[in-house]
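Just below is one structure, and these are the notes that go with it.
So that the names make sense, note that chain A is the first sequence line, chain B the second, and so on, each numbered from 1.
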Number of protein chains: 2
Amino acid sequence: MVINQNIKIAVDAIVFGFANNALHVLLIKQKYGLIKNQWALVGGFVKDDETLYQAVNRELEEETGVKVNYLEQLYTFGDDIHRDPRLRVVTIAYFALVNSTKLVLKADTDAEDAKWFQIDQIPKLAFDHISILECAKKRLQSKLTYQPIGFDLLPKEFLFSELENLYCIILEKDIDRRNFRKKIMSYGIVEETEKYGSNKNGRPAKLFKFNKMKYNKLLKDDFQFYINLA
Amino acid sequence: MVINQNIKIAVDAIVFGFANNALHVLLIKQKYGLIKNQWALVGGFVKDDETLYQAVNRELEEETGVKVNYLEQLYTFGDDIHRDPRLRVVTIAYFALVNSTKLVLKADTDAEDAKWFQIDQIPKLAFDHISILECAKKRLQSKLTYQPIGFDLLPKEFLFSELENLYCIILEKDIDRRNFRKKIMSYGIVEETEKYGSNKNGRPAKLFKFNKMKYNKLLKDDFQFYINLA
DNA sequence: TTATATTTGTGTAAATTATACACATATAAG
DNA sequence: CTTATATGTGTATAATTTACACAAATATAA
């Protein structure tokens, strides 16, 4: 069977991380070709013998060395025929979250040109990557409210205030700390530990961890989790 | 730039319709090739000079003549390398809804081999189409609860009981008619007309129409609409 | 014409959930 | 020991959701 089609398939990953009270995105600086020295999303062409999932994981590994905590398909961009001026490329974008402890990039990989950017300090990006990023940001904001994915951005043990901040900052909203805590606690998804965090100022704060079983259950069932900041 | 990649891109549409108190899916019988005489989703390969959106609309037109009311990207299937045994195909699946008045297929197109099947009477399908269909059904059930897409399955004017049934049947749940009506009405999304429907038994029922402005607003904003059947 | 079957249309009380809101506590630094 | 700073907690009110039953309007059959 011969099909006369000359379109190439790529994958791209929008990798989010949360650190220093800010949302960050992982970008790479292109080394070669048309878009040399431009910043772009992590990604590349899919090989004939690998799945899409393998492709995006391979690119993440090769280009950044980052291990993601959460990965899901976001959207397939193929309605702008000239999004890559060189040839027709359809790209399947993936949405990824990284635990903030893994946010430091190892210098020893060939990831020397990978860098985290604060979401409000994104440089000019190659192709249509800025609109893909916009799409991912919306998805993040939306998912945060109805799925407990926020925990994939935090370390295993975290302060309650870190969780609060994460929601405030990503959703760009204020929060009622008491009501937020009540709600989160009602899902049984986080548990107090006996340890205390090391904050400089104020009353010492307990460390919390999240209950993976409850988390998994809530991730599967839709409409079981819902956080609405006033 | 030469990329050594030999993967083909297709689009498939899962077209839902609602009639006779049952959910239906539009399928076509393949005429040629390996899967000759097997039933399959509407779809085909993307042309080099058309967008994905154009491709899926073209296939719908060519293969079935059906005009859909609602169309959105569902998911891209490319993690089974041998989903098509002939060659590597990545398919972008689209989710479509058809107004029940358009559910009768015109015999004059080359759509002679297109047919509506009740969701619980789906024949054996080609490739992995059955799992794509499963995915679409879940999306339909999920979206029905948080977006007012049910109206895209009904005629312009409809009985309230038709809307009730649609929700009951697609979500496979019972309903409290009073509470359901109250909720729908509270969104201001449907309006009474002066006309009455033609039901054989029982008290005559008013026809309703939906308010397109409110509908469009609710479609855009997430978390503004939510129907939860007990 | 009357009784029966069938579907439509409607309200209220109770329970649950969401919201608004303020101060005592524990520490570090001065 | 005073001050600054962040943590941790409860209650009253409002809003929403749930549970629940019967009269009204028609067609059909007796």
Discussion item. Under 4.0 Å between a side-chain nitrogen and a carboxylate oxygen: does that hold for B:E172 and B:K137?
Written reply: yes
Discussion item. Does A:K143, at its NZ atom, have more than 12 non-hydrogen atoms belonging to other residues, nucleotides or ligands within less than 6.0 Å?
Written reply: yes
Discussion item. Whole angstroms only, please: what is the CZ-P distance between A:F160 and D:dT7?
Written reply: 11 Å
Worksheet item: What nucleotide, of D:dC20, D:dG10, D:dT5, holds the atom closest to the side chain of A:R178?
Response: D:dG10
Practice prompt. Could you state the atom-to-atom distance from CZ of B:R177 to C1' of D:dT18 in whole Å?
Written response: 17 Å
Worksheet item: Which part of the nucleic acid, if any, lies within contact of B:K182, taking any heavy atom under 4.0 Å across all strands shown: a base, the sugar-phosphate backbone alone, or nothing?
Response: base
Item to complete: Would you kindly give the OH-to-C1' distance between A:Y226 and D:dT16, to the nearest whole Å?
Response: 13 Å
Worksheet entry | Boundaries of the chain A footprint along DNA chain C (any atom under 4.0 Å from a heavy atom) | C:dA18 to C:dA28
Item to complete: Examine the base of D:dG8 for any acceptor or donor lying under 3.5 Å from a partner atom in the side chain of A:R181, and report the outcome as yes or no.
Response: no
Worksheet entry | Side-chain (B:E63) to main-chain (B:G43) donor-acceptor, under 3.5 angstrom | yes
Item to complete: Any chance you could measure A:T145, atom OG1, to A:Q147, atom CD, to the nearest 0.5 Å?
Response: 9.5 Å
Worksheet entry | Spacing between A:N179 atom CG and D:dG8 atom P, to the nearest angstrom | 16 Å
Worksheet entry | Rounded distance (Å) that lies between atom P of D:dT16 and atom CE of B:M185 | 18 Å
Response to the item:
Here the distance between atom P of D:dT9 and atom CD1 of A:I184, to the nearest Å, is 15 Å
Worksheet item: Just wondering, are more than 12 heavy atoms of other shown residues or ligands nearer than 6.0 Å to NZ in A:K183?
Response: yes
Worksheet item: Please give, in whole Å, the distance from D:dG8 C1' to A:Y196 OH?
Response: 10 Å
Worksheet item: Does OH belonging to B:Y187 count more than 12 external heavy atoms closer than 6.0 Å?
Response: yes
Worksheet item: For B:N228, which contact category applies under a 4.0 Å heavy-atom criterion: base, sugar-phosphate, or nothing?
Response: sugar-phosphate
Worksheet item: Does a nitrogen or oxygen in the side chain of A:S161 sit under 4.0 Å from OP1 or OP2 of D:dT7?
Response: yes
Worksheet item: So, the side chain of B:D152 versus the backbone of B:Y70: is there a donor-acceptor pair under 3.5 Å, distance only?
Response: no
Discussion item. Heavy-atom nearest nucleotide on DNA chain D for B:K183 versus A:L159: which residue maps closer to 5'?
Written reply: A:L159
Worksheet, complete the sentence: When rounded to whole Å, the CG to P distance for the pair B:N199 and D:dT26 reads 10 Å
